[in-house]
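Values below: every heavy atom of this structure, side chains too, minus hydrogens, waters and symmetry copies. Note on naming: letters A, B, ... go to the chains in the order of the sequence lines (proteins, then strands), and numbering restarts at 1 for each one.
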Number of protein chains: 2
Amino acid sequence: MANKKTTIKDIANALSISTAAVSKALHDDSRISTKTKEAVKKVAKELNYQPNHLASALRRGKSNLVGVVVPRTNSNFFSSVIQNIEEVLNKKGYNIIITQSNESYQKECRNIDTLLFTQVDGIIASMANETTNLDCFEKIKSKGIPLILFDRGENDLNVDYIGINDYDSSHMIIEHLTQQGCKRIAHIGGYRHTRIFNNRIRGYIDAIKKHKLPTDDALLIESSLTTEDGRLKMQQLLDLEDRPDAVYVASDYAALGALQVLQENNIDIPNDIALVGFGDEPFTGMVTPTLSSINQHSAEIGKLAAETFLKHVDTTDLKQTLHKQILQAELIIRDSSKIK
Amino acid sequence: MANKKTTIKDIANALSISTAAVSKALHDDSRISTKTKEAVKKVAKELNYQPNHLASALRRGKSNLVGVVVPRTNSNFFSSVIQNIEEVLNKKGYNIIITQSNESYQKECRNIDTLLFTQVDGIIASMANETTNLDCFEKIKSKGIPLILFDRGENDLNVDYIGINDYDSSHMIIEHLTQQGCKRIAHIGGYRHTRIFNNRIRGYIDAIKKHKLPTDDALLIESSLTTEDGRLKMQQLLDLEDRPDAVYVASDYAALGALQVLQENNIDIPNDIALVGFGDEPFTGMVTPTLSSINQHSAEIGKLAAETFLKHVDTTDLKQTLHKQILQAELIIRDSSKIK
DNA sequence: CAGTGTTGCTTAATCGTTTAACTAAAGTGA
DNA sequence: TCACTTTAGTTAAACGATTAAGCAACACTG
């Protein structure tokens, strides 16, 4: 078996034509006769020719690689977004390189450097929890590489963004909980410096006021939103003199931690305390009781992100500017908030 | 700001030396004076030089990219393996391209083609559930590219493999369940054509015999091991005349489905029926009751896979051969199998 | 039949980096 | 001083594909 890889040179030699003719034949250039094209393709198949992507990328100045930066892949939201990005881009001849930041700003920067070094044609990213400094992302922009943000974005970067309406989502949740008769609703939110979590917090506060419910500083807690921190913050709420009768947690993972603590304390969910999460992770339908949550339309977000990137490639003079595509999220009501 | 990218040519011009000298200086070649090296590095920094990875990869015939093929990324096992592969390889200057097959053989093949096209230096893979045809993988081997398999492997490929001892794991589980007093233990296993699931099944059968427990064909069921199928197969077991008093499920996801069905039928876990899963996914510690499971040492597997790849690169004449690295799995006993 | 197009290729430069082979200058030892 | 080694570079040819420019050969037109 041929150990060395076949190049267009081999094909050219076999047919006694130039490598240029071979290259054009393989790209169906109109200036090559049908006869030659067929001959070239036949030989290419026989020799098991596979184009050297590096060479063509170098010559054409584009790699057909798109970098994806996510906080982690082992959440259903991100893995579903990624899957859909991949599906759309593969069809157009692009491949994706997935990197995870593990919510670390340092890792995120290193990942971005890696992607730039690999000469990706674009980057689709969702920011780490830690990220406040935007230098890394500015660097991408300054290189003239399309940058598309989703879910965890930042207006100040002035780039395309795809996400859901977090502010409205909070309203939907509070609306639902008040309908269930809840009067003292707490919120375990994310860090305020992250725009989406801040929007959820603002939505929570405004909705509480709108429904003329008590606003109590003790009921609004910032959290890293891990399962472990969800446990801690829920315990904190239970330790209050005046306990809430409902808790809205800005992430399903943290909500899961909260759920465990409630059960360990033999608290009746939802009758003593109702619980609503965020993200509609598959496990929300699997725990007992099943957990109400917000569906973020991950598939749609992935598709839109990929299509937005493609728009940038197709439109050469398209300049980066703040262009938000906001999807309307959907509240999935399950047992954890259905008060009898 | 410089819109065009800086190349070694720019550095060479700035210092009136050759590009060769610049290249060598940047690689700390011994034949370049310290003075020149320093000057080159200084100018490189000033001009914000970033090496063109494509060019160097083309010239050196290696891309420093490693492809990873997994069934999916949104399981803790795979995402943890990936994270550890990445950690080890990044340190050595390699980047990884992650692709998911979604358990589809077709997608797996396309992913592999993509990776080969991208000129990866090696591929680390875990096979899709569907995969029985090994042509795609033979293709990798025939190109002379190192292939390392983990978890879902296949002896016939004669390549490196890293995994746990599935056969022994089954023994551990049956041992534990009999100690708890279980006498009629069922197994919801994976498809027999997948080696690891077959090993778990063989382990189950042999352990049952060893403990002189009844072997009943109705107690051994093959499954796709999704949560949904776990529900179906558990229901099937409940419909039996003579129900089991323990069920060992070959995947945590399917075990979760089983757990739901048991709860819906108001069956006391573990006292009526004990339950053990496989994989030690984080949710096993979060559901009620917490689910006993097998820790597969994902971090260790990722590290070993990466290190095995590096061994192939370092040892030029290392030929591909069946070399198994088997880790001893650990049984994590939780409430679902602690009979009072 | 000269002029103009069209067809179907070839030539050669190019992308940015690496590296084998060469060279000039300086240093070393007897 | 001569022969030899060491040092610090330079030159030029790759790597494999793409593409602008060139050029035969033939067809067509008025």
Side-chain angles (χ1 to χ4, degrees), chain A residues 2-41 43-44 47-65 93 116-121 143-144, chain B residues 2-41 43-44 47-65 93 116-121 143-144:
Chain A
N3 203 7
K4 270 291 138 255
K5 288 167 190 167
T6 322
T7 69
I8 51 168
K9 211 170 195 169
D10 300 321
I11 303 177
N13 286 340
L15 291 167
S16 301
I17 56 174
S18 69
T19 58
V22 174
S23 172
K24 286 178 184 164
L26 291 171
H27 287 90
D28 268 330
D29 189 297
S30 64
R31 311 192 66 103
I32 298 290
S33 69
T34 321
K35 195 188 285 181
T36 309
K37 279 182 193 169
E38 280 169 1
V40 166
K41 283 172 185 170
V43 174
L47 297 181
N48 193 25
Y49 169 73
Q50 274 224 315
N52 184 322
H53 177 248
L54 297 172
S56 87
L58 173 59
R59 180 60 232 260
R60 297 183 317 157
K62 61 183 304 227
S63 63
N64 273 41
L65 250 33
L116 293 176
F117 173 71
T118 316
Q119 316 282 123
V120 294
D121 291 344
K143 297 243 171 202
Chain B
N3 203 6
K4 273 287 140 258
K5 287 166 189 167
T6 321
T7 70
I8 51 168
K9 212 170 194 169
D10 300 322
I11 303 177
N13 286 340
L15 292 167
S16 303
I17 56 174
S18 69
T19 59
V22 174
S23 173
K24 287 180 183 164
L26 291 171
H27 288 90
D28 269 329
D29 190 297
S30 64
R31 309 192 69 104
I32 298 292
S33 68
T34 320
K35 195 188 286 183
T36 309
K37 279 182 192 168
E38 281 169 2
V40 166
K41 284 171 186 170
V43 174
L47 298 180
N48 193 24
Y49 169 73
Q50 275 226 312
N52 185 321
H53 176 250
L54 296 172
S56 87
L58 172 60
R59 178 60 232 255
R60 298 181 320 158
K62 61 180 306 229
S63 63
N64 273 41
L65 249 34
L116 292 176
F117 173 72
T118 315
Q119 315 283 124
V120 294
D121 291 344
K143 298 243 169 203

Separation of atom [atom1] in [X] from atom [atom2] in [N], rounded to whole Å:
X: B/I32; N: C/dT19; atom1: CD1; atom2: C1'; result: 12 Å
X: B/R31; N: D/dT11; atom1: CZ; atom2: C1'; result: 15 Å
X: A/N13; N: C/dT10; atom1: CG; atom2: C1'; result: 14 Å
X: B/K35; N: D/dT7; atom1: NZ; atom2: P; result: 16 Å
X: B/D29; N: C/dT19; atom1: CG; atom2: P; result: 9 Å

Worksheet item: With sequence neighbours left out, what residues match A/K37 under salt bridge (Lys or Arg N to Asp or Glu O under 4.0 Å)?
Response: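 Counting only residues at least two positions away or on another chain, A/K37 forms a salt bridge (Lys or Arg N to Asp or Glu O under 4.0 Å) with A/D28.
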
Worksheet entry | salt bridge (Lys or Arg N to Asp or Glu O under 4.0 Å) partners of A/K62, counting only residues at least two apart |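 A/K62: no salt bridge (Lys or Arg N to Asp or Glu O under 4.0 Å) contacts found.
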
Excluding sequence neighbours, so at least two apart, what forms side chain to side chain contact (heavy atoms under 4.5 Å, CB included) with [X]?
X: B/D10; value: B/T6, B/T7, B/L47
X: A/N48; value: B/K143
X: B/A12; value: B/T19, B/V22

Fill in: Test side chain to side chain donor-acceptor pair (under 3.5 Å) applied to A/N52 - qualifying residues, sequence neighbours left out
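A/N52: no side chain to side chain donor-acceptor pair (under 3.5 Å) contacts found.
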
Item to complete: Sequence neighbours left out, what passes side chain to side chain donor-acceptor pair (under 3.5 Å) with B/S33? Give chain and number order.
Response: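 B/S33 satisfies side chain to side chain donor-acceptor pair (under 3.5 Å) with B/T36 only.
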
Worksheet item: Looking across every strand, which nucleic acid part, if any, lies under 4.0 Å from A/S18 by heavy atom: base, sugar-phosphate, or nothing?
Response: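 Touches a base.
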
Item to complete: Describe the nucleic acid contact of A/S30 in one word from base, sugar-phosphate, nothing, applying a heavy-atom distance below 4.0 Å.
Response: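 The answer is nothing, as A/S30 stays clear of every strand by at least 4.0 Å.
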
With the criterion being N/O to N/O and under 3.5 Å, what pairs connect the protein with nucleotides 24-28 of chain C, and how long is each?
none

Worksheet item: Between atom NZ of B/K24 and atom CZ of B/R31, what is the distance when rounded to the nearest 0.5 Å?
Response: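 Going from the NZ atom of B/K24 to the CZ atom of B/R31 covers 7.5 Å.
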
Item to complete: For nucleotides 13-20 of chain D, just jot down a letter per nucleotide in 5' to 3' order: B, S or -, based on protein non-hydrogen atoms under 4.0 Å.
Response: BBBBBBBB

